[in-house]
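This report refers to the structure that appears directly beneath it.
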Amino acid sequence: MTATESAPVEVDVDTDEMIASRRRLLDDGKVLRLSEIDAEQVAGDIDDERMIINMGPQHPSTHGVLRIMFELQGETVVRSKPIIGYLHTGMEKTAEDLSYLQGCTNVTRMDYASNLFTELSFSLAVEKLLGLEIPERATWIRMLMTELNRMSSHLLFLATNGMDLGAVGMMLYGWKEREDVLRFFESVTGLRMNHNYIRPGGVAADLHDGWEDGVARLLAGLPKRLDEFDILMTGQPIWRDRTQGIGVISTEDAVALGATGPILRSTGYAWDLRRDMPYLAYPDVDFDVVVGTYGDTFDRFAIRLNEIRESMRIVEQCLERMPSGDYRTDDRKVTPPPRARIDESMEALIHHFKIFTEGYTVPEGEVYAAVESPRGELGCYIVSDGSPKPQRMHIRGPSFVNLQTLPHVLQGGLIADAVAVISSVDPIMGEVDR
Amino acid sequence: MIADLSFWIFSDYAVSTAIKLAVVMLIIPLTSLILVYVFLFKMMAFMQSRLGPMEAGPHGSLQLIAEALKFLQKEDIHPDNADKHVFALAPIIVLMSTFLLYVVLPVGPDLVVEDLDTGIFYAMAVSSLSALGVLMAGWASANKYALLGGLRAAGQLIAYELPLVLAVVGVVIQAETLSLQGIVHAQANWEIFGIGSGMPFIVTQGIGFAIFMVAAQAELTQTPFDMPVAETELVGGFHIEYTGFRFLLFFMAEFGTAFAFASIASVLFLGGWSLPFVDPTANWLNIVGPGVMLAKILFLSMIIFWVRFTYPRLREDQLQKFAWKLLIPAALANIVFTGVFKVAF
């Protein structure tokens with residue numbers, strides 16, 4: 001059950017309850033802290049019916065290359081251990097060798113289902129270090145695009161969640177609606193994913209003529225489809241049986257494990273960075289934070305379904321109130337000068353040359369900027385030594401942190417529930433392994 | 001002696017048996033071809049805003065032949081730890097149970113391989129053989145996922161065998177015969193209070209029909225009861241280690257059995273090859289009958305596949321609960337009511 005609330009439930013992070021919760025999570029033996037060979041040995045010693053089964057890295061329901069080692073008693077999960085690293089590409093290290101202008105090309109490839117959010121958090125961090133004000137139109141374009149991205153990401157979740165529970169039709173319905181959003185992205189950024197569209201200083205290009213029609217078409221078509229999804233899944237007895245009361249997590253446990261996004265909100269704790277630590281122009285738009293009640297798989301599904309509706313509300317407001325003006329800052333240190341100026345001004349030519357060879361320098365310091373991605377708090381931490389390249393860049397990936405809730409919510413469930421729960425965490429492995 | 005043998009070989013009995021066997025041998029690949037093309041390829045595609053296969057033949061109608069040929073070219077792989085003989089035998093046993101089902105299916109007044117007196121009893125018995133093959137496949141593959149799938153299948157097929165058989169009992173009471181041909185004739189001649197002639201049993205056996213279709217869905221391991229294969233959990237379950245021709249056998253058995261169950265349901269509840277208000281002994285029904293039967297079968301198959309493409313999968317315990325707490329009591333109640341009405345009227 002979801003409800004919309006205006007104030008978060010009071011949870012004091014340092015109560016005795018919280019400390020006890022942290023200790024409990026450490027001691028309760030839900031995590032399989034053994035190597036596979038040792039685990040086989042121990043399982044065999046305890047009981048003949050215990051076995052170790054590996055799900056992934058090649059498994060249709062592990063959303064890429066997640067591997068989970070289960071200790072099973074029959075079909076019941078006793079302990080489990082998520083094993084990651086199969087998609088490690090060293091993007092954080094790569095970032096240290098790329099200028100701030102090139103940085104977005106790199107970070108956008110992390111969370112490949114919601115690329116614009118990593119670009120946004122990187123850009124916000126760099127702008128914070130630079131002390132750069134960006135034009136109002138750029139802010140609203142960023143908001144429009146990231147909310148559309150949230151919709152496409154959640155539609156992808158609905159598709160995969162349906163497929164993981166055996167509703168093959170749902171998979172294609174979700175993909176089909178997502179495709180419409182991607183088509184709009186393509187018309188704006190030129191690409192369907194890995195856009196490199198949001199950059200420090202603004203966005204890469206202005207919205208094209210007639211973008212209003214594209215957005216209006218999206219907004220007109222989607223509500224009907226969402227109602228169909230409600231019929232197909234939300235109100236469906238089999239769907240409810242498979243998801244309600246499965247993979248339950250309490251608010252204390254979720255906070256202690258650092259879970260954010262729909263997982264934390266499903267427990268009834270209304271924590272949304274868009275409202276609680278506002279960035280862009282979120283204080284100016286009207287939207288609700290969707291929360292759940294039971295912290296189960298169904299709540300996480302329903303939250304995402306309803307967040308699509310909330311995002312549509314924000315997009316609608318962006319459509320109505322999109323300010324005119326420049327789409328990027330006119331600070332010549334960050335934004336390359338227009339082509340015509342290069343022929344006239346020596347200074348412009350120098351700026352152009354410097355930006356595209358050396359890059360622009362960013363003042364010394366360290367900074368953390370977080371945004372609410374479809375999966376939770378996505379933060380970018382940058383240490384600058386005053387050179388044109390970051391000395392260290394780190395991304396706080398929500399999927400990575402959310403994955404550690406898995407052993408705690410999987411215990412006692414069946415292997416069939418495990419599939420539903422993994423799906424409801426909605427991990428994107430590119431962002432987990434980075 | 002040789003003369004005796006040649007006399008026997010060319011006797012009417014031998015020739016007709018050979019023809020019947022050839023027809024049955026052909027019918028399984030043919031039925032899977034029809035079902036896979038019409039439903040798995042096209043209906044599913046249209047339900048999901050796709051076109052489905054379009055390249056091989058007109059509207060992709062030869063796609064399945066292309067895929068079957070592809071399977072035939074594959075290497076016959078079996079895992080090192082597998083129990084070789086059991087592993088090789090399992091798909092054949094599953095397909096055999098499908099073959100045996102077709103022996104008793106009547107498609108016209110004279111068109112039946114063997115009209116056994118215990119027809120429906122025989123059909124139910126041989127259809128359970130497939131559970132054995134599935135369990136063998138799961139056990140012999142030496143794969144944990146296959147083992148889980150095999151055990152799930154065994155539990156499921158046993159649980160749903162009961163409501164399936166109990167749903168049939170209502171029809172048998174009403175028809176007063178176990179022979180499938182007899183059940184068709186009983187429907188062709190059946191009147192309710194002197195009204196109508198040749199009404200199908202679905203009119204009075206609606207509950208039985210519903211239970212039969214649900215149980216058949218589970219017997220065929222189609223979604224929402226497809227836990228034994230469950231691609232997203234067990235990655236194919238009992239047939240995870242099978243490739244090439246042996247996988248093709250499982251695949252053909254799946255759709256061949258779906259066709260066979262749809263035909264049994266059409267015989268039991270929809271009147272099989274007979275039509276209302278038509279004399280069931282008319283010779284021309286031998287020609288029209290198979291078409292009538294095919295129409296009914298395709299209609300029932302459509303329901304099976306429609307449900308398959310729409311619903312999510314149940315969980316193993318929910319499936320068992322559904323069978324034992326709902327279907328079996330309902331089927332028993334159906335038998336009691338049918339018995340009471342049979343005696344009363």
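Just so we're on the same page: letters track the sequence lines, and every chain starts at 1.
Residues Tyr242(B) and Phe87(B) bring their aromatic ring centres within 6.0 Å.
Ion pair Arg308(B)/Glu254(B) flagged as a salt bridge, since at least one NZ, NE, NH1 or NH2 atom sits closer than 4.0 Å to an Asp/Glu carboxylate oxygen.
Interface residue Met55(A): backbone and side-chain heavy atoms are both found under 4.5 Å from chain B. With a 4.5 Å cut-off on non-hydrogen atoms, Thr310(B) touches chain A through its backbone and its side chain both. No part of Ile422(A) comes within reach of chain B, as not one of its non-hydrogen atoms sits under 4.5 angstrom from that chain. Using a 4.5 Å cut-off between heavy atoms, Val419(A) contacts chain B through its side chain alone, with no backbone atom that close. Of the atoms belonging to Gln318(B), it is side-chain heavy atoms, and not backbone ones, that fall under 4.5 Å from chain A.
Side chain to side chain, Glu179(A) and Trp175(A) fail the donor-acceptor criterion of an N or O pair below 3.5 Å. Side-chain contact annotation: Gln205(B) with Asn334(B), donor-acceptor N/O pair under 3.5 Å present.
Aromatic ring orientation, Phe247(B) versus Phe71(B): tilted (interplanar angle from 30° to 60°).
The greatest number of non-hydrogen atom pairs below 4.5 Å with chain B, out of Lys176(A), Met233(A), Glu75(A), is found for Glu75(A). Between chain B and the residues Ile238(A), Leu414(A), Ile415(A), the largest count of heavy-atom pairs under 4.5 Å involves Ile238(A).
For Asp164(A) (side chain) and Ala420(A) (main-chain N/O), no donor-acceptor pair under 3.5 Å exists by modelled atom type.
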